[in-house]
Amino acid sequence: MPKPQGPALSDATRGRLLFGGDYNPEQWPEEVWHEDVRLMKDAGVNSVTLGVFSWSRLEPEPGAREFGWLDRLMDLMHDSGIGVVLATPTSSPPPWMGRLHPDTLPVTEDGRTEWWGGRQHFSHSSATYRRYAAAITEDLAARYGGHPGLTMWHINNEYCTFDHGDEAAASFRRWLRERYGTLDALNEAWGTAFWSQGYDTWDGILPARQPHYMRNPSQVLDFRRFTSDMLLECFVAERDIVRRHTPHIPVTSNFMPLWFGQDAWRWAGEEDVVSVDLYPDPRDPLGAQDGALVQDMTRSQARGPWMLMEQAAGPVNWRGVNHPKPRGLNRLWSLQAVARGADAVCYFQWRQSRQGAEKFHSGMVSHAGEQGRTYQEVKQLGADLARIAPEVSGRHSTADVAVLHDWHAWWAGAQDGRLSHEVEHADVLRTWHRALWQAHLTTDFAHPEHDLTAYRLVVVPQLYLLTDAAIDNLLAYVRGGGTLVCGFLTGVADQDDRVREGGMDARLRELFGIRTLHEWWPLDPGEGVACEGFRGTLWSEELEADGTADETVAYKGGELDGLPAVLRKGGAWYVSTLPEPDALRDLLARIATGAGVRPVLDGLPEQIEAVRRGELLFVLNHGREPVTVEVPGTHRDLLTGADVTDRVTLGRYDAAILRP
Ligand code: GLA
């Protein structure tokens with residue numbers, strides 16, 4: 001699927017891999033800027049993001065403008081051959097704004113104001129906030145749109161706020177009127193006959209504030225949709241301003257990884273460049289898989305090369321315990337992102353702060369400075385990226401497997417009154433992606449209404465909510481010869497979160513060979529359910545087959561003894577429990593083989609990840625022990641320049657990038 005015409009990441013990379021990060025020079029005296037430039041050039045930095053949190057410096061009082069310092073920086077960067085991704089500063093309004101205009105401050109679900117003193121204290125619905133945001137964006141675009149150093153626009157930062165205040169209530173009502181037209185339609189969609197919630201006026205509707213007991217789930221679902229849409233409106237408003245000045249400069253806004261609050265499919269369609277911030281825990285044995293998931297998802301949203309906007313060169317400072325990256329891990333995880341389609345490897349932030357809330361968060365230049373291990377490793381990575389860039393930049397990766405994900409299904413499933421609070425959509429998604437990752441199968445992500453015909457295998461870990469269009473799409477995909485695997489709690493609800501008759505859509509039941517779904521049987525933490533050949537966890541279902549399935553795997557023992565745990569009918573599989581990780585991996589590997597999907601390489605050791613990007617083969621060792629990997633044929637390793645025949649030996653956290 002080609003991206004629509006318009007400026008793209010390639011307009012900023014121009015055949016290179018971008019390397020750099022958030023640069024916050026306003027935290028430092030000007031003499032440090034020159035030292036920064038020296039170190040940046042030494043490390044091969046070719047891109048910095050300026051101005052993300054500069055609003056109070058740019059507009060120290062309402063309507064004032066102080067651009068002199070930024071003028072000097074833009075020139076300094078450009079003269080040094082470093083491109084600038086210029087941010088609009090609108091994620092952290094200056095203190096005067098909250099003081100003079102309390103209506104710009106967001107309100108939590110229990111009525112608490114979120115004050116200035118941190119960041120992201122803006123209400124997406126505040127007309128005052130939007131007016132100030134538009135004005136500073138307009139002036140930035142007018143001043144720097146023609147600057148030769150400008151390579152990209154970065155709008156706001158990690159849009160992630162919620163607002164339940166009065167102005168948000170008014171815009172929620174407007175949004176609902178557009179969606180439903182009449183109160184009758186809204187009452188019907190929300191099922192307000194339950195608990196006496198019928199609305200007789202739009203003014204009576206609230207933005208999912210804290211009630212006494214469980215909330216109306218359809219109201220909450222719409223509130224989440226609304227929040228994503230309001231933040232998107234803020235993005236689009238600023239995007240359109242900069243576009244008017246610079247139609248040739250690509251625009252992005254950085255996503256948080258697998259973030260609950262934004263319908264990222266919808267958002268990605270509004271961006272020229274899709275970018276993400278990614279911070280796997282260096283201590284997490286599955287950190288690399290976490291990274292792979294987000295990278296696969298971002299690549300799929302970008303439909304091509306994407307931008308790693310932020311990662312950490314060392315520790316973050318927002319976990320309970322924050323671990324540094326052991327030697328080599330920063331390089332390895334950066335190359336993993338490139339393997340999975342990144343054309344930019346950037347960090348938060350260039351120089352570690354000495355003050356402020358993130359002074360213990362790493363930077364590319366740590367408190368230890370130039371001689372510190374962190375900077376020395378950054379420098380090595382910069383050299384590696386420069387070496388491989390000509391052969392890597394702009395190349396696409398393709399996958400035969402698509403994993404389906406939809407924010408609306410996630411939002412709808414996350415309701416107060418669900419049967420098991422052990423079932424978390426994101427965890428289920430991670431578990432299934434991990435099984436595919438461990439089977440060395442490269443996956444794209446797709447929305448359930450996307451065209452799936454290019455994929456041999458489509459995997460649905462869990463889509464509690466499916467629209468009619470999505471169900472039609474899945475049925476057509478299987479009818480067309482595709483192989484589909486669906487996990488439990490899929491196809492339960494329609495777009496309003498109304499449970500479909502029979503607890504699972506009838507067309508899906510027919511697809512899998514299920515006559516009746518009698519009851520759901522959630523499992524307690526740690527509890528398992530025996531099935532033929534494996535153990536299920538988390539969930540089980542009392543299913544009655546209709547006799548048309550080609551293959552079934554039964555529950556063994558307990559209440560569900562003999563009933564189907566897994567069914568296959570033609571190319572459609574249904575898995576009504578969560579098999580333990582190895583069993584899920586083996587099941588998906590078997591299904592993939594049947595669908596004609598092969599792993600990237602055969603016989604790979606567990607700690608090795610192999611990914612193809614174009615004709616290049618990336619081989620990554622996630623272990624601390626050296627490993628020899630069979631790579632039939634003769635290749636050039638782009639990292640070392642050496643030729644490799646039939647096997648390559650990788651040391652701890654090492655990588656090879658092989659060109660045939
Ligand atoms: C996010 C933000 C950055 C910084 C980092 C810290 O990604 O965008 O400003 O706070 O987190 O990890």
Side-chain angles (χ1 to χ4, degrees), residues 18 20-28 47-58 85-94 114 116-122 152-161 231 234-235 238 251-262 264 267 271 273-284 287 290-291 294-295 297-298 306-325 329-330 333-334 337 342 344-367 374 378:
L18 296 187
D22 281 19
Y23 181 34
N24 298 302
E26 63 268 40
Q27 297 174 10
W28 300 90
S47 176
V48 293
T49 304
L50 282 176
V52 179
F53 295 110
S54 302
W55 204 345
S56 71
R57 181 58 64 98
L58 292 168
V85 176
L86 188 56
T88 64
T90 51
S91 77
S92 195
E114 293 192 325
W116 61 93
R119 67 177 187 188
Q120 284 150 331
H121 47 280
F122 67 89
M152 202 185 301
W153 289 107
H154 175 302
I155 304 293
N156 201 282
N157 190 65
E158 294 190 338
Y159 279 102
C160 62
T161 54
L231 292 171
C234 292
F235 166 77
E238 293 185 29
V251 186
T252 189
S253 182
N254 47 341
F255 286 141
M256 282 197 271
L258 196 57
W259 167 245
F260 185 66
Q262 278 166 302
W267 276 70
E271 296 182 297
V273 170
V274 181
S275 63
V276 77
D277 303 340
L278 181 55
Y279 296 96
D281 186 347
R283 268 292 169 94
D284 180 352
D290 241 17
V294 171
Q295 292 156 10
M297 191 171 282
T298 311
W306 53 279
M307 180 165 189
L308 178 57
M309 182 66 86
E310 292 180 21
Q311 61 171 341
V316 299
N317 73 329
W318 39 259
R319 294 198 167 94
V321 179
N322 298 283
H323 300 283
K325 285 184 168 163
L329 194 63
N330 177 27
W333 282 2
S334 300
V345 173
C346 299
Y347 293 82
F348 175 83
Q349 60 176 332
W350 163 249
R351 188 182 276 280
Q352 183 169 16
S353 301
R354 289 180 57 201
Q355 291 181 292
E358 293 184 323
K359 58 184 176 294
F360 296 116
H361 189 294
S362 57
M364 298 165 80
V365 182
S366 70
H367 291 153
T374 304
V378 159

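Start at 1 and go down the list; that is how both ligands and their atoms are numbered.
For atom 6 (C) of ligand 1, the closest heavy atom belonging to the protein is H361 NE2, 3.1 Å. For atom 7 (O) of ligand 1, the closest heavy atom belonging to the protein is E310 OE1, 2.3 Å. If you check which protein heavy atom lies closest to atom 9 (O) of ligand 1, you get R119 NH1, 3.0 Å.
Neither the backbone nor the side chain of M309 has any atom closer than 4.0 Å to an atom of ligand 1 (non-hydrogen atoms only). Of the heavy atoms in M256, none comes closer than 4.0 Å to ligand 1.
Interface atoms of ligand 1 facing N157, defined by a heavy-atom separation under 4.0 Å, are 2 (C), 8 (O), 9 (O). Listed by atom number, the atoms of ligand 1 under 4.0 Å from E158 heavy atoms are 1 (C), 2 (C), 7 (O), 8 (O). Taking every heavy atom of D277 and a limit of under 4.0 angstrom, the matching atoms of ligand 1 come to 7 (O), 8 (O). Of all atoms in ligand 1, numbered sequentially from 1 with element shown, those under 4.0 Å from a heavy atom of W318 are 6 (C), 12 (O). Atoms of ligand 1 found under 4.0 Å from any heavy atom of F53 (numbered from 1 in listed order, with element): 9 (O).
In this structure, N317 contributes its side chain and A357 its backbone to a donor-acceptor pair below 3.5 Å. In this structure a side-chain-to-backbone donor-acceptor pair under 3.5 Å is present from T88 to N156. T252 places no side-chain N or O within 3.5 Å of a backbone atom of H154 that could act as its donor or acceptor partner.
Under the 30°/60° scheme for interplanar angles, the aromatic rings of Y159 and W267 are found to be tilted.
Not a single heavy atom of Q349 sits closer than 4.0 Å to an atom of ligand 1.
With S353 as the fixed residue, the side-chain hydrogen bond (donor to acceptor under 3.5 Å, both in side chains) test singles out one of Q27, H367, K359: Q27. The side-chain hydrogen bond (donor to acceptor under 3.5 Å, both in side chains) test with N24 singles out one residue from R351, E358, Q349, R57, and that residue is Q349.
At under 3.5 Å, a nitrogen or oxygen of E358, whether backbone or side chain, sits near a nitrogen or oxygen of ligand 1.
For the pair M297 and F255, the minimum side-chain heavy-atom distance is 4.5 Å or more.
Donor-acceptor pairing under 3.5 Å is recorded for the side chains of E310 and N254.
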